[in-house]
Amino acid sequence: MENNNYNWSNQSVFVENQTGTVAKKFFANVFLWMFVALGISTAAAVYMANTPEMLNYLINQETGKMSILGYVAMFAPLGLVMLMSAGLNKLSYTALLGVFILYSLLTGVSLSFILLIYASSSVIGCFAAAAGIFGLMAVLGYTTNTDLSKFGPILMVGVVGLVIAMVVNMFLQSSQFDYIMSFFGVAIFTALTAYDVQKLKRIGAGLEENGSTMADADSKKLAIMGALSLYLDFINIFLFLLRIFGGRK
């Protein structure tokens with residue numbers, strides 16, 4: 001995600017004010033594609049969870065465990081994120097958009113498992129709570145005059161540490177440790193939401209000043225990658241809240 005000619009952390013695009021139409025259009029496109037992705041994922045998750053014939057492809061009915069296709073649906077989104085990040089400069093806008101939509105669809109398929117585990121009221125409640133937290137932090141990130149870029153390295157270390165801790169817990173199988181890590185997860189991705197929104201606001205301001213030197217397709221690709229960042233922030237807040245407060249069926 002960070003590997004592109006118009007580097008997310010490149011200070012040359014970090015401009016204090018964002019008032020032009022180009023910047024506002026970029027920011028609107030970011031949220032548009034984020035909401036499109038959430039809509040696709042939600043529809044896919046609900047459809048899969050309520051269609052036994054489709055679930056049979058993901059779950060081995062004899063063992064009750066995930067099938068090969070189930071594991072593909074679970075881990076393919078990670079590969080697609082890596083493809084989008086590493087291939088940003090090589091992929092065309094149409095190809096990048098196609099991968100993004102496919103990613104949203106497969107993420108929805110993988111999220112269908114949570115609808116089988118958690119009660120519907122818990123899923124809806126945690127989704128609403130995640131939306132509230134995300135919206136609040138997005139407004140904060142957009143309006144604050146505090147430079148949040150200095151927190152970027154700290155948050156990235158937090159994400160890496162969280163991933164390592166979760167991998168370790170796959171072997172420890174400690175429910176208490178998982179519970180504690182979920183609170184850290186909510187805190188980290190809540191802070192990342194404000195950080196990412198401010199970063200995208202500044203990128204939009206940079207496009208306003210330097211847009212004439214950038215191809216339209218490149219700015220659209222940046223919007224897709226921005227949407228991916230915010231989508232990941234929201235989904236992770238939701239999943240960690242579900243781990244803390246979700247009631248199982």
Side-chain angles (χ1 to χ4, degrees), residues 1-3 33-120 122-123 126-127 130 159-160 162-173 175 178 181-182 185 189 221 224-243 246 248-249:
M1 190 179 304
E2 306 292 332
N3 182 22
W33 284 116
M34 177 205 165
F35 290 136
V36 168
L38 284 176
I40 292 173
S41 296
T42 302
V46 172
Y47 174 74
M48 292 296 296
N50 290 281
T51 310
E53 296 80 5
M54 299 302 296
L55 284 176
N56 289 337
Y57 291 108
L58 304 180
I59 301 175
N60 189 315
Q61 297 302 309
E62 296 180 357
T63 62
K65 298 180 179 180
M66 280 195 298
S67 65
I68 295 177
L69 285 177
Y71 281 107
V72 170
M74 185 68 68
F75 293 105
L78 176 60
L80 292 177
V81 168
M82 296 173 64
L83 173 63
M84 293 174 68
S85 300
L88 178 61
N89 293 327
K90 297 179 181 179
L91 294 173
S92 67
Y93 167 69
T94 303
L96 187 70
L97 178 59
V99 174
F100 179 65
I101 292 175
L102 178 60
Y103 164 79
S104 306
L105 179 63
L106 290 177
T107 299
V109 172
S110 65
L111 290 177
S112 65
F113 291 111
I114 70 173
L115 299 181
L116 303 176
I117 299 173
Y118 293 97
S120 299
S122 293
V123 173
C126 290
F127 189 91
V159 171
V160 172
L162 186 63
V163 171
I164 294 174
M166 293 178 68
V167 170
V168 170
N169 198 45
M170 291 175 62
F171 300 97
L172 297 178
Q173 296 292 312
S175 58
D178 181 74
M181 286 299 100
S182 295
F189 284 99
K221 288 197 291 184
I224 293 296
M225 296 306 294
L228 176 64
S229 296
L230 297 183
Y231 175 94
L232 290 171
D233 292 338
F234 178 86
I235 289 295
N236 279 288
I237 293 173
F238 166 62
L239 292 177
F240 282 119
L241 285 175
L242 200 57
R243 285 179 154 187
R248 294 175 179 264
K249 290 183 177 180

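Everything quoted here is computed from the prediction, not taken from an experiment.
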Engineer: Write down the atom of Ala49, the atom of Leu55, and the distance for their closest heavy-atom approach.
Structural biologist: O-CD1, 3.8 Å

Engineer: With rounding to the nearest 0.5 angstrom, report the CG to CD1 distance, Leu106 to Ile101.
Structural biologist: 12.0 Å

Engineer: In Å, rounded to the nearest 0.5 Å, how long is the span from CG of Leu91 to CG of Leu83?
Structural biologist: 5.5 Å

Engineer: Locate the shortest heavy-atom distance separating Thr51 from Tyr47; write the atom from each residue and the value.
Structural biologist: OG1-O, 2.5 Å

Engineer: To the nearest 0.5 Å, what is the distance between OH (Tyr118) and CG (Leu239)?
Structural biologist: 8.5 Å

Engineer: Side chain to side chain contact (heavy atoms under 4.5 Å, CB included) between Ile164 and Val160: does it pass, once the steps are laid out?
Structural biologist: CA-CA 6 Å; Ile164 294 174; Val160 172; 3.9 Å; yes

Engineer: The criterion is side-chain contact (heavy atoms from CB on, under 4.5 Å); which residues satisfy it with Thr107, sequence neighbours excluded?
Structural biologist: Ser41, Pro77, Tyr103, Ser110, Leu111, Tyr231

Engineer: I'd like to check Leu242 versus Phe127 (side-chain heavy atoms, cut-off strictly below 4.5 Å). Are they in contact?
Structural biologist: no

Engineer: In Å, rounded to the nearest 0.5 Å, how long is the span from CE of Met84 to CG of Leu97?
Structural biologist: 8.5 Å

Engineer: Once rounded to the nearest 0.5 Å, what's the spacing between atom CG of Leu162 and atom CE of Met166?
Structural biologist: 6.0 Å

Engineer: So which atom in Ser112 and which in Ala45 form the shortest heavy-atom distance, rounded to 0.1 Å?
Structural biologist: CB-O, 3.5 Å

Engineer: When Phe189 is tested against each of Asn236, Leu241, Leu232 for side chain to side chain contact (heavy atoms under 4.5 Å, CB included), which residue passes?
Structural biologist: Asn236

Engineer: Going by heavy atoms in the side chains, are Met225 and Leu228 under 4.5 Å from each other?
Structural biologist: yes

Engineer: side-chain contact (heavy atoms from CB on, under 4.5 Å) with Ile117: which residues, sequence neighbours excluded?
Structural biologist: Arg248

Engineer: Measuring only between side-chain heavy atoms, which start at C-beta, is Val109 closer than 4.5 Å to Tyr57?
Structural biologist: no

Engineer: Between Phe100 and Val36, is any pair of side-chain heavy atoms under 4.5 Å apart?
Structural biologist: no

Engineer: Restricting to side-chain contact (heavy atoms from CB on, under 4.5 Å), what partner residues turn up for Asn50, sequence neighbours left out?
Structural biologist: Val46

Engineer: Rounded to the nearest 0.5 Å, how far apart are CD1 of Ile224 and OG of Ser229?
Structural biologist: 11.5 Å

